[in-house]
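Reading through the structure tokens given below for one structure.
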Amino acid sequence: MPVKNNRLTNEQYEANFSDIHPPYESITAAKVDANRCLFCYDAPCMKSCPTSIDVPKFIKQIATENIKGSAKTIFSSNIMGAGCSKVCPVEKLCEGACVYNLLEEEPIPIAKLQRYSTEIAMKENWQLFQRKTSTGKKVAIVGAGPAGLSCAHVLSKEGVEVTIYEKESKGGGLMTYGIAAYKVTPQFCEEEVNYILSIGGIEIKYNQELGKDITLSQLKKEYDAVYLGIGVGVARQLEIPGEKLEGVTDAIQFIYDIRTKGYPAVPVGDKVAVIGMGMTAIDAATQAKRLGAKEVTLVYRRTEAEKPCTDVELDIAKTDGCEIIWLAAPKKIKGTLGKVKQLVCSVMKLGEPDASGRRSPVDTGETFTLDVDMVIKAAGQVPFEKLVKKYNLDNKNGKLLINENCATNSKGVFAGGDAVNGGKEVVDAVEAGKKGAAAILKYLDLC
Ligand code: SF4
């Protein structure tokens with residue numbers, strides 16, 4: 001059972017990784033859906049959006065063919081509104097809250113409509129925001145992910161000079177490096193970053209890693225304030241025997257390779273086990289299948305009722321032909337000649353609720369064995385604990401602690417996004433960036 005790359009033809013790769021949600025082909029089609037909206041006064045869709053996009057307003061603007069106004073409504077609340085329209089789990093956010101669900105009818109396709117106006121705005125390079133004259137204040141942001149970019153855009157609008165330090169060679173963070181390519185392409189991510197930067201006043205310095213190429217004290221000295229949007233990055237280890245065998249990888253690295261090296265270059269096994277059931281696990285499993293793996297099995301230690309992914313994500317995995325084993329936890333990875341051959345799993349049952357409120361998995365003592373040649377670990381990511389401790393920043397297990405003003409314990413240093421919450425949706429990071437920017441403006445006496 002080989003782990004190999006280049007399993008498919010270019011045409012097959014293109015077909016397997018094409019856009020999962022095709023856009024509207026005409027304004028007429030968009031207007032048909034927009035005109036179904038009831039333009040609710042106390043819109044639940046808006047309340048369930050972490051960035052509070054005025055959904056009925058932007059949909060009404062599409063219905064009246066005011067596409068520019070619609071894009072401005074979206075971007076005013078969420079500068080990554082185009083990307084979010086592709087990657088947000090809308091079934092548990094805006095679309096899940098749409099009143100049509102109560103009528104047992106299809107909700108308004110809010111994401112598709114949002115995508116319609118924001119993609120036109122990006123394609124036409126509409127400049128919808130005017131930057132204020134320079135205040136002379138300078139802010140350093142660490143991380144060009146959703147939190148950092150969102151923070152930068154708000155600050156730039158207010159006349160602050162922003163420099164973003166990014167450890168990768170491209171901006172976008174998780175959006176660029178950590179999401180399935182059939183949801184959002186690397187090229188789209190680059191266009192989105194460029195569109196955000198087109199307001200002016202924001203410079204991104206690439207290949208600059210905090211703690212390696214730059215230090216916090218240096219940034220504090222050179223800038224009036226610092227915002228840390230460093231995200232989370234290190235994959236959680238399974239801590240089981242066999243984890244170092246050839247053929248064991250982590251989902252973040254696997255997805256990163258797909259996005260940076262191209263589909264044919266990424267090796268995949270014949271029989272792949274993916275450990276976990278979050279969005280990253282689903283993205284890794286479905287992409288392993290789309291790269292040509294013959295069998296992909298998702299292994300999760302609880303039941304479907306406790307799964308962290310949404311029903312829609314689970315359906316994608318099932319439609320792609322992925323198998324699912326509930327109530328199973330990895331116990332040991334066996335190999336021969338240094339390569340993965342089998343995954344031994346413990347059979348679990350549900351016990352008492354844990355700190356997350358979900359019933360915790362308990363080992364029954366029984367085991368079963370899967371013949372596999374590749375194991376992808378998607379058991380979550382851990383924060384940059386060593387880094388934050390190095391700078392004496394208050395934290396809880398590596399997650400940065402901030403006060404109600406988004407400030408850390410280090411004067412002039414603010415933080416937000418995954419580095420603080422441990423890893424949520426892109427849209428949550430965008431909101432965190434906005435809040436961080438508002439706090440920095442207050443700190444600099446600019447509002
Ligand atoms: Fe329109 Fe649904 Fe939002 Fe009401 S809840 S405003 S119908 S999208």
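All of these numbers come straight from a predicted model, not from anything done at the bench. We count ligands from 1, going down the list as the structure has it; atoms in each ligand are counted the same way.
Closest to atom 2 (Fe) of ligand 1, if we only count protein heavy atoms, is C98 SG, 2.4 Å. Closest to atom 7 (S) of ligand 1, if we only count protein heavy atoms, is L38 N, 3.4 Å. Closest protein heavy atom to atom 6 (S) of ligand 1: C40 N, 3.3 Å.
Ring-plane geometry between Y177 and Y256 is classed as parallel, the angle between the planes falling under 30 degrees on a 0 to 90 degree scale with a further cut at 60.
Q253 and D257 share a donor-acceptor pair across their side chains, judged by distance under 3.5 Å alone. Donor-acceptor pairing under 3.5 Å is recorded for the side chains of D33 and Y24.
Close contacts between ligand 1 and V99 involve ligand atoms 2 (Fe), 4 (Fe), 5 (S), 7 (S) [criterion: under 4.0 Å to a heavy atom].
Atom 3 (Fe) of ligand 1 has an N, O or S atom of C45 closer than 2.8 Å. Distances from atom 1 (Fe) of ligand 1 show that C37 has an N/O/S atom below 2.8 Å.
Checked against the 6.0 Å centroid threshold, F75 and F129 do not count as a close aromatic pair.
In this structure, CE on M348 lies 9.5 Å from CZ on R302, to the nearest 0.5 angstrom.
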